[in-house]
Participant: 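Questions regarding the structure given below will be posed in turn.
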Amino acid sequence: MNFQPIAANFFQQPTIELAQNLVGQYLVHQHPEGVMVVKIIETEAYMGAEDRAAHSFGNRRTKRTEVMFGEPGLVYTYQMHTHILMNVVSGPVGKPEAILLRAGEPVVGHELMQQFRGTNAMKNWTNGPGKLSKALDVSMSYYGHHWTEEPLFIAPGPGVTELEIGPRVGIQNTGEAVEYPYRFSEKGHPMVSKYR
DNA sequence: CTTCCGATCGTCT
DNA sequence: GACGATCGGAAGA
């Protein structure tokens, strides 16, 4: 299989639509030890200044959130405890919106992913945002990279048969924002994360 | 099966 | 100096 980066204008659609349309696309990492590909099966939208759960709530602009104010399609990596989380910057320039990539399904490079994840069962390799980054060996060094450029990019995928919509995960203490239906996943997929 | 807790570090106050 | 868009191991039911 040959994977090509998706067109840059893919990232110019509204954040909610982009979050939905990212489910079912491929995420490709051309690692020095070999190529790894997963199909994205779960995302969450973070709606910038208006969204209490977003890092950029109230247009908070710091070294960490700076990239969210840039052009759509940039990579926003963030460290949570011992884990790296991957985001896609969205919204027009100046609107700090982003989409968290929460889970994937291994497509290419199973041996490498198993090596980076340890000996766990395959369904536990990529069924959470920190696990996904670790399986693909993605680090903070991709902060500010663009999702259309090698060696880490989004490629057109097969899409999904049915999309499930629900509240986001792991954002308690953020008031009304806890209930917003900004989580999108492939319905019934066994590798969708189950934390809440 | 479920709940509980510690890891461990960049970022912000 | 405190906190967190998480994870996995341990302990309990």
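Below, all heavy atoms of this structure are taken into account, side chains as well, without hydrogens, waters or symmetry copies. Below, chains carry the letters A, B, ... as their sequence lines are ordered, and counting in each starts from 1. Note that the coordinates shown come from a computational prediction; the quantities given were computed from them, not determined experimentally.
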Participant: By the 4.0 Å heavy-atom rule, please label A/Asn87 as base, sugar-phosphate, or nothing.
Facilitator: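 Base contact.
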Participant: Within this structure, what is the NE2-to-P distance between A/His55 and C/dG4, rounded to whole angstrom?
Facilitator: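 Roughly 10 Å, once rounded to whole Å.
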Participant: So which atom in A/Val88 and which in A/Gly73 form the shortest heavy-atom distance, rounded to 0.1 Å?
Facilitator: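 For A/Val88 versus A/Gly73, the nearest heavy atoms are CG1-CA, 4.3 Å.
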Participant: Side-chain N or O of A/His81 versus OP1/OP2 of C/dC7: is the shortest distance under 4.0 Å?
Facilitator: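 No, because none of the side-chain N or O atoms of A/His81 sits under 4.0 Å from OP1 or OP2 of C/dC7.
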Participant: Any side-chain N or O of A/Arg168 below 4.0 angstrom from OP1/OP2 of C/dT6?
Facilitator: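 A/Arg168 to C/dT6 OP1/OP2: no side-chain N or O under 4.0 Å.
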Participant: Could you say whether the aromatic ring of A/Tyr78 and the base of C/dA5 stack, counting only centre distances under 5.5 Å and plane angles under 30°?
Facilitator: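 No; centroid distance or tilt outside limits.
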Participant: Could you label the plane-to-plane angle of the A/Tyr182 and A/Tyr180 rings as parallel, tilted or perpendicular, counting under 30° as parallel and over 60° as perpendicular?
Facilitator: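 Tilted.
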Participant: Select one nucleotide: of B/dA7, C/dG8, C/dA5, the one nearest the side-chain heavy atoms of A/Arg117.
Facilitator: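 Per side-chain heavy atoms of A/Arg117, the pick is C/dG8.
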Participant: Grab the CD-P distance between A/Gln79 and C/dC7 for me, whole Å please.
Facilitator: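 It works out to 14 Å between those atoms.
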Participant: Out of B/dT11, C/dA5, B/dA7, which nucleotide sits closest to the side chain of A/Met140?
Facilitator: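 When the side chain of A/Met140 is considered, B/dT11 is the closest of B/dT11, C/dA5, B/dA7.
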Participant: Is it the case that the ring center of A/His29 lies less than 6.0 angstrom away from the ring center of A/His31?
Facilitator: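 Yes, ring centres under 6.0 Å apart.
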Participant: Would you say a side-chain N or O of A/Arg102 is under 4.0 Å from OP1 or OP2 of C/dT6?
Facilitator: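 True: A/Arg102 side-chain N/O within range (under 4.0 Å) of C/dT6 OP1/OP2.
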Participant: Rounding to a whole Å, what distance do you find between A/His83:NE2 and B/dT8:P?
Facilitator: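 Rounded to the whole Å, the gap is 10 Å.
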Participant: When you measure from the side chain of A/Pro129, which nucleotide among C/dG4, C/dA5, C/dC7 comes out closest?
Facilitator: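 Among C/dG4, C/dA5, C/dC7, the one nearest the side chain of A/Pro129 is C/dC7.
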Participant: Which of the following nucleotides, C/dG8, B/dT13, C/dA5, is nearest to the side chain of A/Arg60?
Facilitator: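 Side chain of A/Arg60 sits closest to B/dT13.
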Participant: Atom CD of A/Glu42 and atom P of C/dA5: how far apart are they, to the nearest Å?
Facilitator: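 Distance, rounded to whole Å: 16 Å.
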Participant: Which one is paired to B/dT8, where only Watson-Crick or G-U wobble pairs with both distances under 3.5 angstrom count?
Facilitator: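 Partner of B/dT8: none.
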Participant: CH2 of A/Trp125 versus C1' of C/dG8: gap in Å, rounded?
Facilitator: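 Distance, rounded to whole Å: 18 Å.
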Participant: Choose from B/dT11, C/dT6, C/dA5 the nucleotide whose nearest atom is closest to any side-chain atom of A/Arg64.
Facilitator: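 Per side-chain heavy atoms of A/Arg64, the pick is B/dT11.
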Participant: Check every atom of C/dG8, C/dA5, B/dT11 against the side chain of A/Lys63 and return the nucleotide holding the closest atom.
Facilitator: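 Looking only at heavy atoms from C-beta outward on A/Lys63, the closest nucleotide is B/dT11.
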Participant: Side-chain N or O of A/Lys134 versus OP1/OP2 of C/dT6: is the shortest distance under 4.0 Å?
Facilitator: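 A/Lys134 to C/dT6 OP1/OP2: no side-chain N or O under 4.0 Å.
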Participant: We want to know whether A/Lys123 and A/Asn127 form a side-chain donor-acceptor pair, criterion being a heavy-atom distance below 3.5 angstrom.
Facilitator: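 The answer is no; no qualifying pair exists.
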Participant: How long is the gap from CG on A/Leu22 to CD on A/Glu42, to the nearest 0.5 Å?
Facilitator: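 Reported to 0.5 Å precision, the distance equals 13.0 Å.
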